Amino acid sequence: MARAVHSRWLLTRTIEDAADDVATLREHGVAAINVPCVEIEALPWPAWPTHPGTAVYVLTSRRAAQALLDAPGAPEPALLAATAPATAAQLERAGRQVFLSAEGGAAGLARAVVAAWEKAGRPVWHCRYATSDAGERAAEQ
């Protein structure tokens, strides 16, 4: 006789970030528990460097999009690139035009940004992909 297999999913994100996923999993009969192991502390949005060229904000989460939307006195970026569907939709609901959106997470969006840059003839773009205060100090940011 075959034994029933039971699984329990532990989601280790913030409570707010995991709530929808936990609810969806439970609706489908999966034992899902949120174990918040991540603590988020919002910091001021970093100042944009004043280089010639077009500023591009690359936003891969709803939290990053909200930080940009909430930033007091934030300069209007020339272009917004956002992951689809959730982050792009959040920006558009807030009245911000999304220049480029793509599915496939950060990697999918990165590929779409490179393709758009190539198609535009490789103009001077300064992409900002701020992931955290620690990431902000890293050379790749």
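For the numbers below, each heavy atom of this structure counts, side chains included, while hydrogens, waters and symmetry mates do not. Fair warning: this is a prediction, and the values are worked out from it, not measured in the lab.
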Apply side chain to side chain contact (heavy atoms under 4.5 Å, CB included) to the pair Leu79 and Tyr57, showing each step before the final yes or no.
-> CA-CA 6 Å; Leu79 302 174; Tyr57 281 89; over 6 Å; no
Could you go through the side chain to side chain contact (heavy atoms under 4.5 Å, CB included) check for Val113 and Leu100 one step at a time?
-> CA-CA 7 Å; Val113 168; Leu100 179 69; 3.7 Å; yes
For Leu11 and Val35, what are the C-alpha separation, side-chain angles and deciding distance, and is it a side chain to side chain contact (heavy atoms under 4.5 Å, CB included)?
-> CA-CA 6 Å; Leu11 283 79; Val35 182; over 6 Å; no
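Between the side chains of Glu92 and Gln97, no donor N or O sits under 3.5 Å from an acceptor N or O.
Between atom OG1 of residue Thr54 and atom CH2 of residue Trp125 there is a gap of 8.0 Å, rounded to the nearest 0.5 Å. Remark: Leu80 CG to Thr87 OG1 distance equals 11.5 Å, nearest 0.5 Å.
For the residue pair Ser101 and Ala88, the shortest heavy atom distance occurs at CB-CB, 3.8 Å. Scanning all heavy atoms of the two residues, the minimum distance from Trp117 to Pro123 falls at NE1-O, 2.7 Å. Looking at every heavy atom in both residues, Val30 comes nearest to Trp9 through CG1-CD1, 3.5 Å. Annotation for Thr83 and Ser61: closest pair OG1-N, 4.3 Å, computed over non-hydrogen atoms. When all heavy atoms of Leu91 and Ala82 are compared, the pair lying nearest together is CD1-CB, 3.8 Å.
With a 4.5 Å cut-off on side-chain heavy atoms, Val114 and Arg111 do not count as touching. At least one side-chain heavy atom of Leu68 sits less than 4.5 Å from a side-chain heavy atom of Leu59. The side-chain heavy atoms of Ile33 and Arg8, taken from C-beta on, include a pair separated by under 4.5 Å. No side-chain heavy atom of Val56 sits under 4.5 Å from any side-chain heavy atom of His126.
Of the possible polar contacts, none joining the Arg62 side chain to the Gln90 backbone as a donor-acceptor pair under 3.5 Å is found.
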